Undergrad: 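Quick one: the structure is below, questions incoming.
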Amino acid sequence: MSTQAQVAAIELFERHRPTLQRAVEAIGERGYWSPFPESLKQYPEASVQNAQAQFEALLGRHFELEGPDPLARVGSERSPYGLELGVSYDQYDADALMTRLQAALPAWRDAGPRARLGACMEILQRLNALSPTLAHAVMHTSGQAYMMAFQAGGPHAQDRALEVLAYAWQAMAAVPETASWIKPQGKQAPLLLNKRWHIVPRGLALVIGCSTFPTWNTYPGLFASLVSGNPVMVKAHPGAILPLAMSVKVAQQVLAELGFDPALVSLVVDTPEAPVSQRLALDARVKLVDFTGSSAFGNWLEANARQAQVFTEKAGINSVIIDSVRDFQAVARNLALSLNLYSGQMCTTPQAIYVPRGGIATADGHLSFDEVAQGLAGAIRDFLGDNERACAVLGAIQSDATAERIQACRRLGELLLDSEVREHPQFPGARVHTPLLLQVDASAREAYGEERFGPIAFVIATDDSAHSLQLAGELIAEKGALTLGVYSTDDKVLERAEALSQEVAVALSINLDGGVLVNQSAAFSDFHASGGNPAANASITDMAFVVRRFVVVQSRRHVAAWERADDLL
């Protein structure tokens, strides 16, 4: 390890220490805080104005990154808005890449926690400055509308990364570097040992990116592994490579400037026809795997990548229970926005909405089941009335498979609101679909009891609210969920919902009818997933998400006689 590299990285740590310390305070307080502005107005005007041109300058070109000698060039990303990106990326021999990462590990490990934190904090700061340009890459790979791509793909993703670094600093700082151990022995001389402790990384890390939130779902695992001393392979989804390539480039630039091997963070690319994730995940050198995506592959990783610590966020069936409300119109508007936001392609979007078939009580009187169902459909329809506003919220459907799923699901229930194809005012070729809302009976579990990823939701007629709670609990226990929303003016119902949320380990939102949606998860305050039901085996982020990525190794030795006098003073 270069002493110069370590010194330079520790200088960065001292420069960024105030932000890191405030982040540590924030995860203890759990209130609102973010160092990364989510308004474009708070970024330099030039960076915002030039963002699109800088993004377009990347298109139709080869994206250069550090790594071993490439075997091939791949890349076939196509924007859900109809734009062919035309970017190619180097594909490496897996053995050559892992050999290089293993060679780079000792210097990164020996640099120590403060140096690694300094480098990671600098990477984050530069990623934040890149956010306006990065947003275009997120938009044209994920299908998110630009403002959502900017916020979720930029500052919100960076918030989660900083949250990870705060936990890592707490965990690593809690381990002293050295100590003197003195055990009295009565009349005999005391036993004296000098002890040292080392933070030791587990090995190579693999982060498998997803197509819908390429940065938000990748940054936590990437930074948690890197700051713990583990070199990281970032395996991008074939349809969403560019945002991660840009992120890896920033990391490589910082590492190179400090004198470390820039390939400590490397991009891995593949194609749908020749995937590499399985082979990489089973390699004995890979000790950490982070994955966001389907339950099938997540379960496979958990069962088969036994040599690694595996962190997964998988599919689930998010639920909403409507028992009684004060202002049904406010509730309907809130749920309509939840269902429209990013065309239901968020892992926190509700799919199953349980309503008693006898109806619900409101401050304005009783509403029948049909009135509730039609009211929800009407609120969605009203929101979609302004096509420009609708497209700015809906974004575009990321994959053909999701668009095809909408068509296939029409037969699963009675149509409350059919999905429509919309023309985007700026991108005529965009794949834009409005939500599909279906009505089913509670007995039709084969319809609503599977995740239907995309803008697809069910209003489910139940016997009563106790039945709704029972069905939701059973389904979450079996299939998993990240969110549960409950609307009730009855404290007993809310108490039962609170108990249920603990029984099935799901985040609970109660009576949200204003500016906060059940979809939304705030860094430094909300834990994203609990790790306690089948939707995820880990939480983004808590202490366990970080500390499983390193071990503490100690050494100890007897104190020589000539040293004892000083140790006993």
Side-chain angles (χ1 to χ4, degrees), residues 143-148 318-346 348-356 359-397 402-403 406 409-410 413-427 430-440 448 452 454-461 483 485-487 489 509 511-520:
Q144 296 173 31
Y146 180 75
M147 276 309 300
M148 183 177 184
N318 301 312
S319 300
V320 170
I321 294 169
I322 304 179
D323 166 71
S324 53
V325 301
R326 291 183 175 83
D327 183 347
F328 178 71
Q329 294 303 318
V331 170
R333 286 192 298 270
N334 182 279
L335 289 175
L337 185 52
S338 288
L339 297 172
N340 278 296
L341 188 62
Y342 187 32
S343 301
Q345 296 171 106
M346 299 181 71
T348 48
T349 300
Q351 176 182 299
I353 304 172
Y354 299 91
V355 180
I360 66 169
T362 79
D364 298 319
H366 184 268
L367 290 179
S368 68
F369 174 88
D370 288 339
E371 287 173 322
V372 173
Q374 291 297 332
L376 290 172
I380 297 172
R381 193 180 295 111
D382 289 346
F383 180 84
L384 297 170
D386 183 332
N387 188 59
E388 185 171 351
R389 179 185 67 172
C391 289
V393 173
L394 290 168
I397 300 294
T402 301
I406 299 170
C409 286
R410 284 190 171 97
E414 179 183 339
L415 277 175
L416 287 169
L417 185 67
D418 200 1
S419 177
E420 304 173 350
V421 176
R422 291 289 182 92
E423 182 167 330
H424 197 286
Q426 293 175 278
F427 304 97
R431 190 163 46 215
V432 181
H433 293 257
T434 64
L436 173 69
L437 189 64
L438 300 167
Q439 176 180 323
V440 296
Y448 65 85
R452 313 288 183 181
I456 302 157
F458 299 85
V459 181
I460 304 158
T483 62
V486 175
Y487 292 90
T489 58
S509 295
N511 293 332
L512 296 185
D513 59 4
V516 177
L517 307 179
V518 69
N519 315 56
Q520 296 168 315

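Quick caveat, the model's predicted, so the values are computed rather than measured. Just the heavy atoms: all of them, side chains too, but no hydrogens, waters or symmetry mates, feed the values below. All residue numbers refer to positions in the sequence shown, counting from 1.
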Undergrad: Let me confirm one number: the NE2-OG distance from H433 to S419, rounded to the nearest 0.5 Å.
TA: 6.5 Å
Undergrad: Check the pair D418 / L436 against side-chain contact (heavy atoms from CB on, under 4.5 Å), numbers first and verdict last.
TA: CA-CA 5 Å; D418 200 1; L436 173 69; 3.7 Å; yes
Undergrad: Applying the side chain to side chain contact (heavy atoms under 4.5 Å, CB included) criterion to Y487, which one of I322, I321, V355 satisfies it?
TA: I322
Undergrad: If you apply the rule side-chain contact (heavy atoms from CB on, under 4.5 Å), what do you find for I353 with I460, and how did you get there?
TA: CA-CA 6 Å; I353 304 172; I460 304 158; over 6 Å; no
Undergrad: Can you tell me if S324 and T489 form a side-chain donor-acceptor pair at under 3.5 Å?
TA: yes
Undergrad: So do the side chains of E371 and F328 get within less than 4.5 Å of each other, counting heavy atoms only?
TA: no
Undergrad: Is there a donor-acceptor pair closer than 3.5 Å between any side-chain N or O of N387 and the backbone N or O of H424?
TA: no
Undergrad: For the residue pair I397 and S343, what are the closest heavy atoms and their distance?
TA: CD1-CB, 3.6 Å
Undergrad: Nearest 0.5 angstrom please: T348 OG1 to N519 CG, how far?
TA: 4.5 Å
Undergrad: Return the CZ to CG distance between R333 and L376, rounded to the nearest 0.5 Å.
TA: 12.5 Å
Undergrad: Are any non-hydrogen side-chain atoms of L517 and L337 less than 4.5 angstrom apart?
TA: yes
Undergrad: Would you sort out whether M346 and M148 count as a side-chain contact (heavy atoms from CB on, under 4.5 Å), showing the intermediate values?
TA: CA-CA 11 Å; M346 299 181 71; M148 183 177 184; 3.7 Å; yes
Undergrad: To check you understand the geometry: which heavy-atom pair defines the closest contact between A392 and A145, and what is its length?
TA: O-CB, 2.9 Å
Undergrad: Hey, what do you get for CD (Q439) to CZ (F458), rounding to the nearest 0.5 Å?
TA: 12.0 Å
Undergrad: Whether the side chain of N318 engages the backbone of T349 through a donor-acceptor N/O pair (distance < 3.5 Å, no angle test) should be reported.
TA: yes
Undergrad: Rounded to the nearest 0.5 Å, how far apart are CG of N340 and OG1 of T434?
TA: 8.0 Å
Undergrad: Got T402 and P455 here, is their nearest side-chain heavy-atom distance under 4.5 Å?
TA: yes
Undergrad: Determine yes or no for a side-chain-to-main-chain donor-acceptor pair under 3.5 angstrom, with R422 supplying the side chain and L384 the backbone.
TA: yes
Undergrad: Distance-only, no hydrogens or angles: does the Q345 side chain make a donor-acceptor pair with backbone N or O of A396 under 3.5 Å?
TA: yes
Undergrad: May I ask you to check whether over 12 heavy atoms, not counting those of R326, lie within 6.0 Å of atom CZ?
TA: no
Undergrad: Which atoms form the tightest heavy-atom contact between S338 and P350, and what is the distance?
TA: CB-CD, 4.2 Å
Undergrad: Would you say the side chain of V432 lies within less than 4.5 Å of the side chain of E423, judging by non-hydrogen atoms?
TA: no
Undergrad: On a heavy-atom basis, which atom in L438 and which in R410 lie closest, and how many Å separate them?
TA: CD2-O, 4.0 Å
Undergrad: Answer yes or no: is there a side-chain heavy-atom contact under 4.5 Å between I360 and T362?
TA: yes
Undergrad: To the nearest 0.5 Å, tell me how far Y448 OH sits from Y354 OH.
TA: 5.5 Å
Undergrad: Are side-chain heavy atoms of F383 and V393 found at a separation under 4.5 Å?
TA: yes
Undergrad: Tell me, do C391 and P425 make a side-chain contact under 4.5 Å, heavy atoms counted?
TA: yes
Undergrad: Taking the side chain as C-beta and beyond, is there a heavy-atom pair between E388 and Q426 under 4.5 Å?
TA: no
Undergrad: Please find the pair of heavy atoms, one from N334 and one from V516, that lie closest to each other, and give the distance.
TA: ND2-O, 3.0 Å
